[in-house]
Each structure stands twice: as structure tokens, then as C-alpha cells.
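See below for the structure under consideration.
Quick note on labels: first sequence line is chain A, next is B, and so on, each numbered from 1.
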Amino acid sequence: MEEDEFFGEETFQHYCAEFIKHSQKIGDGWEWRTSKDCSDGYMCKTQFQIKNRTAVSHRGTSARVQTCLPMEEALEPPLDDFEVTETTTATEVIKYEYHVLYSCSYQVPVLYFRASFLDGSPLALKDIWEGVHECYKTRLLHGPWDTITQQEHPILGQPFFVLHPCKTNEFMTPVLKNSQKFNRNVNYITSWLSMVGPAVGLNLPLSYARAAFQDEGNVDRQDSFIEPKSLEEL
Amino acid sequence: MTDDKDVLRDVWFGRIPTCFTLYQDEITEREAEPYYLLLPRVSYLTLVTDKVKKHFEKVMRQEDISEILFEYEGTPLKWHYPIGLLFDLLASSSALPWNITVHFKSFPEKDLLHCPSKDVIEAHFMSCVKEADALKHKSQVINEMQKKDHKQLWMGLQNDRFDQFWAINQKLMEYPAEENGFRYIPFRIYQTTTEWPFIRQLFRPVATDGQLHTLGDLLKEVCPSAVAPEDGEKKNQVMIHGIEPVLETALQWLREHLSHPDNFLHIRIIPQPAD
């Protein structure tokens, strides 16, 4: 019975609360939402990205960086992009929404997301695929339900894209085993989101990892951050 | 799971007589006749309406045709819900045939999932089957199956082949005797009166003292407003596959006999209709 509650809903909410605390400190925009009359809640964040239509890109801050190290992109705050693109005529602003929900069936967190233009018209999956880094694509295309599919948001009832959660336990177990072995504080949500987020354009500033270790005084350890090469386990 | 096999067949072969009419504002080259079809309760709209699509496309120009969508009394129909569930949720007290309106434009992006191909329906169906097994067997049974077994489940549903489907599905319905039941019951409760699409929670088929949980126990725990007080009048109608099961029915039995092919118990609750 205890094993079943290994990552129960309360634990999920606890880690999210810790995560959001740090987000508020650094202004990263995550917040908690609950639905009326429902004890279920989820974490969400909205961010705006610029999509360049012309071949010429300015300063490189708004162009897609073709590298497998998402951390570099994460260090640039989105507001700068707005200033850059004033000069470009054929650009579009895309609104991305990311929601982190708990799946009681799989007992893991699940990432839901959707993207739309400012006029509300949604992006198709193929347009979102264009934003996925090459190094994630082959792995994500493994099976018909091991990848990104469109599903109904369990609380809002609207169409969202979802990274299927059935493999989450597989790649999170080594992370958690290691943390127990070395007696380190690991925020499950931080570790998990740092692995799955970049595949869909969501990056986490490094400070999240440091925040998990504040209590132990290990401010420089970044082990809860998973390097992209270990994403082969994904 | 043996004596009640007739129930499995009755569930599988349940049909809803439906009349499809083209939306009046669609541009046609000549008048479109309505199309009548018996819809399988356990299947999905976009899986069984190829003939409907072809019928209406005949009277339209190619350029006026985009993704098909179905609507009932102003509500876009979610193709990813089993047909029987949609009917019970929206039209169970209306006279038959079920009148559905067909649209070929103005797809409501904010309300409906896209269904560009049969692969999408298969992915959705298998995703439900997988999730149900995660609840029942920690995904052990589904993961031990070969790809061809997964395919057989899907083909059985797609081609309306009861025996082909159940040859594989019975493995998903088994449980080790010592556990006295599945780990958790895969279910979803749908109500028209709530903001969220459905209720899903962890619930065991057997209590800690070994007693079998009933449908009434589930509702009391998960959806207490749906259950009438001891001496009160019945305010809500609880329905599965178009019938109202007795609340004292064991969940385990319901699970084995009244699940949909996706392995979930889809339970719909609406305010008691006036007779």
C-alpha cells in the first residue's frame, strides 16, 4: 500500500508548492490553479515566444538555437525578444501554455501544453514539432502512444497536447534512487520538468536546481538537473 | 466471468439508431438527404461514419469540405468518447432516432480534438487500454503482451469482431486469486452539471475487511451529491450502457461485464428526468 502512494497526489502538490516558491523568487511565472469544487489542482505557466518567418534573424536571441543544451536559451528573459522584433516585419508571437497535472492512474506528473497565435487560433502539432530539438525527436517518435498526442485536459476539458506519461517512472526511478543513495534533497517536479520540458520548448533556469539544495548548503551541486545525453533513457 | 458471458455480448452489440442531417448552412450542389445508421454503442463516431461522410461529400464541392464534425442540439460531439456514452449523456430521454447534425466547416478548435486519421483513434483507444491496465495491474499485463496482441484488440473493435477482441481482452480482465480483485477500478464519472469533463480517482474493488465494494460505495465516496439520502427521493439517474444498474451491484462484477472495450467503466449521472 505504501508503495502505491510512492508519488501520491499530496506529494505531488508538495513538490509543486516548493517549485512555485522558487519560481516566485525569480519571477519565472509558474502558478497554482484549482478548479471550483474540485480538490484537484495543477501548476501552470504562460510564455510568449517569437517565431521568425524571414530568413534574416536579428541578434540570434529570437532565432531557434540548434543546440542540445537548453540551459543557454533559458538564461535569456523573454522580454528582450519583444524589443528585438520591433524591427522585423514578418514575425508572429506565439503564446505557449504549460500545465503540470497529476495522473492518479500512473501516479506521476504529466505535462500538458498548447500553443496559439495572439488571435487565439491554435498551432497544429506539426508546427509545434518544428520547435522540438532534433535530439529529442527520434526518441519521442518511438511509439504511437509514447509521444505527443492531443488529449482532453482533465480539468478544463479543452484540447491540449500531452507528453504521454507511461515511461515517466522508468526514467525517474534512477534519479530518485540516486538521491536516496547520496542523501540529497531532490524536488521530483524540478528533476522531471528539467527532463521533459525542453522537448517542448520549456526551459528551467539553473537556479531551480540550486534551490533544492539550499538546506544542505550544497549550492553548487547541479545534480538534480539532468544533462541531455541521459535523455536517451527517455 | 463465465456464466454472464451473454452480458458481454449484449454490451458489445448494443446499437443506437441515428439520423445524420447535413447542417443547413453547408454549401451544397444539390439537396442532401439525411442518412440513417445504427451506431455501435462501444465504438467511436469517427471510426464508424465513413459512409456518412461519403454520402454528404457527394453533394458538396471538394473545396467546401474540411474536417467533419458532429453536433447534437448545438453541442459539438467529442469523437473520443464512446458513442453510447455521448448518447446517454446528451440524448437519453429524447425519442429515437438520435438526430445528429453533420458539419464540414468551422471546426471548434477550442472544444474538439482533431481526428485526421484512424491512427489517431487507435492511439487514443490504446492509450485508454494502457491507462486502465496501469490501474488494474501496474501495466504488467499490457506490457507483457506482444504488439500483435495490441493490434488484435484494435482490429477487433474496428471490425466489430467480438471473439477476436475478447480473445486478448480476457487477459486484461484476469486477476490473481489471492488479491481478490483488481488493484484499482478504472472508471470515469460524467455529469452534465459540472465544469470539468469527468471524475477519476483511485478506488479499490475490495474493502480492507474483504467485502466487495458496490457501485453505491463508489458513488458515496467519489460523487456523494449523486447519491440520494437514505430517506430522500432519487435525484439523479446513474447509467451505464443505457441501463440503470442497481447500486448494490459489486463493482468487481460491473468492472468485468460492463466495461467498454477501452477497459474503463464509463458512468454517467444526470438529474432524474421527469417521467
Side-chain angles (χ1 to χ4, degrees), chain A residues 1 3-10 33-42 97 101-108 110 114-117 119-126 142-170, chain B residues 67 76 78-81 107-136 138-139 142-143 147 150-151 154 183-188 190-191 193-204 208 222-223 225 263-264:
Chain A
M1 180 83 103
E3 190 217 333
D4 289 342
E5 289 304 308
F6 177 60
F7 190 74
E9 184 139 20
E10 278 177 25
R33 287 211 199 132
T34 42
S35 79
K36 213 169 55 152
D37 304 326
C38 193
S39 62
D40 283 357
Y42 58 95
E97 287 171 75
L101 276 80
Y102 178 72
S103 162
C104 62
S105 307
Y106 290 102
Q107 301 193 314
V108 292
V110 188
R114 65 179 172 187
S116 59
F117 297 102
D119 65 1
S121 53
L123 257 71
L125 187 55
K126 60 173 168 56
H142 211 63
W145 56 80
D146 285 349
T147 180
I148 301 174
T149 54
Q150 197 187 33
Q151 284 183 30
E152 185 179 44
H153 190 290
I155 296 176
L156 299 178
Q158 292 168 6
F160 269 73
F161 294 109
V162 188
L163 266 177
H164 204 272
C166 61
K167 293 278 191 280
T168 302
N169 260 325
E170 252 177 67
Chain B
E67 190 169 353
K78 298 183 182 183
W79 64 262
H80 67 286
Y81 283 11
F107 193 88
E109 302 277 355
K110 292 223 157 82
D111 301 315
L112 286 190
L113 304 183
H114 281 285
C115 189
S117 71
K118 299 275 190 299
D119 291 343
V120 171
I121 313 175
E122 181 181 359
H124 165 71
F125 172 72
M126 289 311 301
S127 167
C128 292
V129 172
K130 248 196 163 190
E131 186 179 344
D133 204 55
L135 286 164
K136 286 190 283 181
K138 284 192 215 170
S139 304
I142 194 82
N143 285 344
K147 273 210 157 87
H150 294 170
K151 206 65 181 174
W154 167 246
R183 201 167 139 254
Y184 294 110
I185 296 276
F187 73 89
R188 298 221 170 114
Y190 304 81
Q191 298 167 277
T193 50
T194 57
E195 280 174 23
W196 56 91
F198 49 77
I199 297 174
R200 52 173 195 174
Q201 274 184 39
L202 295 179
F203 195 81
R204 291 190 189 278
T208 39
V222 156
C223 190
S225 58
N263 276 237
F264 271 85

With only heavy atoms counted, which part of H124(B) is less than 4.5 Å from chain A, the side chain, the backbone, both or neither?
neither

Interatomic spacing from NZ in K130(B) to OG in S105(A) - rounded to 0.5 Å
13.0 Å

Hey, does L202(B) have a side-chain heavy atom less than 4.5 Å from the side chain of Q107(A)?
yes

Indicate yes or no: at least one non-hydrogen side-chain atom of Q151(A) is less than 4.5 angstrom from one of S127(B).
yes

Atom group of Y81(B) that falls short of 4.5 Å from chain A, counting heavy atoms:
side chain

Contact part of P122(A) toward chain B, heavy-atom cut-off under 4.5 Å: side chain, backbone, both or neither?
side chain

d(C104(A) SG, E131(B) CD) to nearest 0.5 Å is 7.5 Å

Atom pair CD/CG of E152(A) and L112(B) - distance to nearest 0.5 Å
9.5 Å

So for atom NZ, which belongs to K118(B), do other residues, nucleotides or ligands contribute more than 12 heavy atoms lying within a distance under 6.0 Å?
yes

Over all heavy atoms of both residues, which pair between Y106(A) and S139(B) is shortest? Give the atoms and the distance, please.
CE2-OG, 4.4 Å

Kindly compute the distance separating CD (Q150(A)) from NE2 (H114(B)), expressed to the nearest 0.5 Å.
6.0 Å

Find the distance between NZ (K110(B)) and CG (L156(A)) and round it off to the nearest 0.5 Å.
12.5 Å

Tell me, for I199(B) versus chain A, whether the close heavy atoms (under 4.5 Å) come from the side chain, the backbone, both or neither.
neither

M126(B) side, atom CE; T149(A) side, atom OG1 - distance, nearest 0.5 Å
13.5 Å

